[in-house]
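In what follows, a single structure is set out as structure tokens and then discussed.
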Amino acid sequence: INKNFIRNFAIIAHIDHGKSTLADALMRTCGALEQRHEKEQFLDNMDIERERGITIKAQTVRLSFKAKDGQYYQLNLMDTPGHVDFSYEVSRSLSACEGSLLVVDSTQGVEAQTLANVYQAVEHDHTIIPVLNKMDLPSADPQNIKKQIQHLIGIPEEEAIEVSAKKGIGIEEVLQAIVDRLPCPKGNENACLKALLVDSWYDVYLGVVLLVRIIDGIIEPKMKIRMMAADAVYTVEQIGVFTPYPSPVLHLSCGEVGYIIANVKAVGDCRIGDTITSDQKPASEALPGFKPCTPVVFCSLFPVEASDFDKLRESLAKLHLNDASFSYEMDSSNALGFGFRLGLLGLLHLEVVQERLEREFDLDLIITAPSVVYKIHLQNGTWMDLHNPADMPSPNEISVMLEPWIKTTLFVPETYVGSVLTLLIERRGIQESLEYVTPTRALMVYKMPLNEVAFDFYDTLKSLSRGHASFDYEMDGYKEGELVLLSVVINGDPIHALSSIVPKTRAYEKGRAICQKLKEILPRQLFPIAIQATVGAKVLARETVSALRKNVTAKCYGGDITRKRKLLEKQKEGKKRMRQFGNIEIPQKAFIEVLKIG
Ligand code: GDP
Ligand code: MG
């Protein structure tokens, strides 16, 4: 196909503004969904995505649209994830397109992720088409929202298209605007093959699938291809496009998006962002690729049943095939045995990974407190990255400790501004700006330590504002912090999996909260349990779970003193043994409850 008749576009939106519904409506209008296959929403196909209504893996669909000029156009749609944690996936999808549909709920207006997504689209030089969705609702306020889009984003009011994705209104107009307003792909069909590896995943039927955007040249079955960064060569077995069902094609040429199956066995060869070229006639230079995604939150996972360790290892390897954005390595803990330390892109990412392991691989897991990555300048002059609180050097070895900061953007309805400001101050936030975008909605920009959002910030914000505040963030470098290692010691044994790094000013309060929580949760034993929160040698808080006195003498009727004494003697011995092994059952619940203490 002549590339003048190709348009590649993404859909970007704040969560729930109707991205998936619009994608479905576009597919239906182009006849891509046959009735018998039709699920409620085609594009969210993982269970978790469906339940939580979020998109995690970007999907692509090729559509065919007959425009007003009577020509058929090939439209390649890339869906994008909506949540902050997955912005790296957004960026990848955007790099395969020339333009974006910006979906804004016309009853809500511009939200934090709308802005974050727009900034990314602008970075990729996209032409942006604003789409005001949910126009069927009585509370739709298109005039005001067009003003917001002009004021906050700078796109003229008259460019917005009013639609109802749900009712199928205005969809043709959107398709026509894609043809009219977006540029066709650049590139040279006769040049050496250069294809951008946008994504890869494992499919039970197809094996390893490579999603590519052809920048220059053409790719055909049986061709020998070379992955430039991985320096690996494969033979193309099948190429195809998603319509949305995988359907083989004879070739993909410059400007097109599609998949390649090449019997790829080594997962390490699929480096997202790599350039695929022809082995016979290789391109001299690789494409710019993607910014690598660096994990910002670390935590450990342990199987509840120690015998599940091998299963956990295998499951992580399989999951990693579909989500190369998390890292993992072996870890061990005195209380929890063998497990893995995971590096993740954010808290939702952690939840998704944990949920998928539990659901798809049927594993029960204990997760430890998430920790951000600290940079420590040691007295001996060297720097270290601290991924695990358990590895914290002693305070006299540390000269400076830095923690990661973020820049956050929040949209908050006026009613909740006061309580959100209080929350931000509590979390060491520093105001950059506060502006009312409408008389009833404030836009706040704050800087704060990532540590403060890594735990429960998102949930707290949502409940404070009854779900009405929206929030997004980007990393903003490292700053010095006064931080200490808060350890939890149970009957003299430090439980590494419960230790965390906290600002010095909050250590006392948090230590007390943890001790109280553990006192409630730890089951009583035959001996007393001493719970302590410590910083270095200093005990900040202490609680005791009193011993359960087994009434062993109750069975001895009458006055058989010797028998009674014997029993008591035996019980004491039991106590000793238990203590000696530090044999305290810490229920899984205790870990989770302690993690919830921010
Ligand atoms: P996404 O998170 O951006 O993918 O949003 P969804 O497409 O999942 O839509 C979020 C919710 O809004 C769903 O309950 C949809 O049914 C609803 N929705 C989407 N488009 C419309 C629309 O045009 N009108 C109305 N009334 N509801 C819509
Ligand atoms: Mg969706």
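Just so you know, ligand 1 is whichever comes first in the structure, and atom 1 is the first atom listed for that ligand. Only heavy atoms go into these numbers, but all of them, side chains included; no hydrogens, no water, no symmetry mates.
In terms of polar-atom proximity, S164 is counted as a contact of ligand 1, with an N or O under 3.5 Å from an N or O of the ligand. The shortest N/O to N/O separation between V163 and ligand 1 does not fall below 3.5 Å. For ligand 1, the polar-atom distance check finds no N/O of L22 at less than 3.5 Å from any of the ligand's N/O atoms.
Ring pair F298/H387 is tilted by interplanar angle, where 30° to 60° counts as tilted.
Between K146 and the options E157, E159, E162, a side-chain hydrogen bond (donor to acceptor under 3.5 Å, both in side chains) holds for only E162.
Contact annotation for N133 and ligand 1: only side-chain heavy atoms (C-beta onward) come within less than 4.0 Å of the ligand. Heavy atoms from both the backbone and the side chain of T21 come within less than 4.0 Å of ligand 1. Counting heavy atoms under 4.0 Å from ligand 1, residue H17 touches it through the backbone alone.
For F411 and F471, the ring centers sit 6.0 Å or farther from each other.
A donor-acceptor pair is defined here as one N or O able to donate and one able to accept, closer than 3.5 Å; such a pair exists between the side chain of R7 and the backbone of L182. Counting only distance, with no hydrogens or angles, the side chain of S106 and the backbone of N133 share a donor-acceptor pair below 3.5 Å.
Taking each of K167, H14, K19, K166 in turn, the one with a heavy atom nearest to atom 16 (O) of ligand 1 proves to be K166.
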TODO: Apply side-chain contact (heavy atoms from CB on, under 4.5 Å) to the pair E474 and Y119, showing each step before the final yes or no.
DONE: CA-CA 11 Å; E474 55 188 299; Y119 295 150; 5.5 Å; no
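Taking a cut-off of under 4.0 Å to the non-hydrogen atoms of L137, the atoms of ligand 1 that pass are 26 (N).
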